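Input: a single structure, listed below in structure tokens.
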Amino acid sequence: MIKAITGIKDILPSEIPSWSHLEEAIHSVFKNYNYKEIRTPVFEETTLFSRGIGEETDIVGKEMYTFTDRSGTSVTLKPEMTAAVVRAYVEHSLGKQQPLNKLYYISPMFRQERPQAGRLRQFHQFGGEAIGSSSPLLDVEMIDIAYNILNNLGLKDILVKINSLGIPGSRERYKEELRNYLAEKKEMLSEDSRRRFDKNILRIFDSKIDNDQNLLKDAPLILDYLDDESKSDFDMVQSMLERLNIPFEIDQRLVRGLDYYTKTTFEIISGSVGSQNALCGGGRYDLLIEQLGGEPTPGVGFAAGIERILLACENENVLNLPEDKIDVYFVLLDNELKIEAFELVHNLRSAGFKVDLDYMDRSVKAQMREANKYSSRFVIFIGGEEYASGKMNVKNMQDGNQFIMPLGNSEELIKWLVEVK
RNA sequence: GUGAGCGUAGCUCAGUUGGUUAGAGCACCAGGUUGUGGCCCUGGGGGUCGUGGGUUCAAUUCCCAUCGCUCACCCCA
């Protein structure tokens, strides 16, 4: 048996209602905030991601699905969306058409990691990008949108965490201080953290080892090293979140794993999904557009993981989706009658009603059970007697009442169905 | 890449301290009025017990390998 590749999953019909529900919420909320949808290809030239995300990041270093196409070009299945959106923004000069572009997407992403709860090799993200303004109100807008969507789904166990990484100059000064502070403790750090010390010292804050966290207790804090503008922007973000009644927590240990972030970063975590608990992550990337060959342009965005959000919804049991009922199920005595009734079935379907019938040559009882299984509101029964006398038997499946209607008059039936609907 | 756990019907799982035809619930199919659902009842189909090898008179059960899945680490959505 041929099976799906490790870490990728089919989304089966039984799961589609939750997906559709979430997707509709995403489209609806983004439209409220006046964002326009953008779709980019699933793969790009590899250099877009290595330059955009950062050569030293784990994503680029060990997680990308990269291969060489027949012309010898190295291409990569997109591991995240921001670089791709920025590429499209620059390539099509969207910034020349209007100063601010507010964009959103829903798209599959690919990262070759070991799968676990809430982590897949093909997974789906939705997210927003606002390119063209450095207003911290947009930082807030991003958090607002993400929080809004999660909140509307009914999720309770979520927490917004924010931080500011400052601009490169202030961040470098801070990293220097942190390095000085940890230098003498380096030998006591865990192996992973010693590696982080050399590679990306900020990531030591992510360590799950108690002793590492103890050693960090009196470490210098990044917010004390912010430049004036980052600081006042961050203050604005906080006060505005308060005014919007969005609960949040400042987490100075929140350092995101992509190189392009500047100033505000944020994350929304869930307490109900296991170890991979970030439902959403984002921040400002004021230098990325320039770095990818565009005019210097500020931007801010976020991405959220659909599978993780649905996992949280499932675990918190908050998605009560309406049953998918059909309107009419035709119960027809034999194959001849099915052929006779098929045009009527077609007419009802064309008129917008959900209609089905048996194609398996099954007994009347089995057809009725099928009608029940699909929660059909009505059954239209046509047997030999009815057909001979030009009638059909309409049964209301809720109360069991039956009555006779003339056969062969689609218009009258449709009119009646519209009335009772 | 590292570590741990698990692989028995479509699904969730029992079971065999090695021994004849491997079970349950749900799902599926057929019946319980000759042409009528939900509840209930009866019956039925479906598994080479992940795969390969070893030990043994005998393996689904023990051993080894392999593949797959799951969870965790790393990192991230």
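In this text, all values refer to a predicted model and were calculated from it rather than measured experimentally. By convention in this document, chain letters (A, B, ...) are assigned in the order of the sequence lines, proteins followed by strands, and residues within each chain are numbered from 1.
- For the pair A:Phe330 CZ and B:G35 C1', the interatomic distance rounds to 17 Å; values are reported in whole Å.
- Here B:C75 presents its P atom at 4 Å from CZ of A:Arg196, a figure rounded to the nearest Å.
- Listed pair A:Thr6 / B:C69 meets the phosphate criterion, a side-chain N or O lying under 4.0 Å from OP1 or OP2.
- Using a 4.0 Å heavy-atom criterion, one finds that A:Gln367 contacts no nucleic acid atom at all.
- Contact between the side-chain N/O atoms of A:Ser363 and the OP1/OP2 oxygens of B:G35 is not found at any separation under 4.0 Å.
- The side chain of A:Val364 approaches B:G35 more closely than any other nucleotide in the set B:G35, B:C75, B:C76.
- When the C1' atom of B:A77 is taken as reference, atom CZ of A:Phe49 falls 15 Å away, rounded to whole Å.
- Across all strands, A:Glu307 comes closer than 4.0 Å to no nucleic acid atom at all (heavy-atom distances).
- Across all strands shown, B:G7 pairs with B:C67; the Watson-Crick or G-U wobble distances both stay below 3.5 Å.
- OP1 or OP2 of B:C76 has not a single side-chain nitrogen or oxygen of A:Arg308 nearer than 4.0 Å.
- Between B:G52 and B:G7, the two C1' atoms lie 15 Å apart (nearest whole Å).
- Side-chain atoms of A:Lys102 and A:Leu138, non-hydrogen and from C-beta on, do get closer than 4.5 Å to each other.
- Nucleotides B:C71 and B:U66 have their P atoms positioned 23 Å apart, rounded to a whole Å.
- With both ends at atom C1', the span from B:G18 to B:C75 equals 46 Å, rounded to whole Å.
- Taking side-chain N and O atoms only, A:Arg369 has a distance below 4.0 Å to OP1 or OP2 of B:G38.
- A:Lys31 forms no cation-pi arrangement with A:Tyr35, by the criterion of a distance under 6.0 Å to the ring centre and an angle within 45° of the ring axis.
- Nucleotides B:G5 and B:A77 are separated by 31 Å at their P atoms, to the nearest Å.
- Using the Watson-Crick or G-U wobble rule with both distances under 3.5 Å, B:U36 pairs with nothing in any strand shown.
- Taking atom C1' on both nucleotides, B:G15 is separated from B:A24 by 10 Å, rounded to a whole Å.
- At B:G1, none of the side-chain N or O atoms of A:Lys62 fall inside 4.0 Å of OP1 or OP2 (strictly under the cut-off).
- Residue A:Arg362 has a polar side-chain atom (N or O) positioned under 4.0 Å from OP1 or OP2 of B:C29.
- Using Watson-Crick or G-U wobble geometry with both donor-acceptor distances under 3.5 Å, B:A22 finds no partner in any strand shown.
- For the C1' atoms, the distance from B:G68 to B:C49 is 16 Å, rounded to whole Å.
- Residues A:Phe49 and A:Lys78 have side chains in contact (heavy-atom distance under 4.5 Å, counting atoms from C-beta outward).
- Summarising the local packing, NZ of A:Lys391 is surrounded by 12 or fewer heavy atoms from other residues, nucleotides or ligands at distances under 6.0 Å.
- Residue A:Glu37 qualifies as enclosed at atom CD: its count of foreign heavy atoms under 6.0 Å is above 12.
- The phosphate of B:C71 (OP1 or OP2) has no side-chain N or O of A:Gln276 nearer than 4.0 angstrom.
- When both pairing distances are held under 3.5 Å, B:U55 makes no Watson-Crick or G-U pair with any nucleotide shown.
- A distance of about 13 Å separates the C1' atoms of B:C62 and B:A58, rounded to the whole Å.
- Using the Watson-Crick or G-U wobble rule with both distances under 3.5 Å, B:A14 pairs with nothing in any strand shown.
- Residue A:Arg114 has no polar side-chain atom (N or O) positioned under 4.0 Å from OP1 or OP2 of B:C75.
- Across B:G32 and B:C13, the matching P atoms stand 36 Å from one another, rounded to whole Å.
- The distance between atom CG of A:Leu159 and atom P of B:A77, rounded to the nearest whole Å, is 17 Å.
- In this entry B:U42 has B:A30 as its Watson-Crick or G-U wobble partner, both defining distances falling under 3.5 Å.
- Surrounding CD of A:Gln398 are more than 12 heavy atoms belonging to other residues, nucleotides or ligands, all under 6.0 Å away.
- Remark: A:Gln116 is in phosphate contact with B:A72, judged by side-chain N or O atoms under 4.0 Å from OP1 or OP2.
- Residue A:Lys9 places no side-chain N or O under 4.0 Å from the OP1 or OP2 atom of B:C69.
- Looking at heavy-atom distances under 4.0 Å, A:Glu191 makes no contact with the nucleic acid at all.
- Proximity of A:Lys208 to the phosphate of B:C74: a side-chain N or O atom is located under 4.0 Å from OP1 or OP2.
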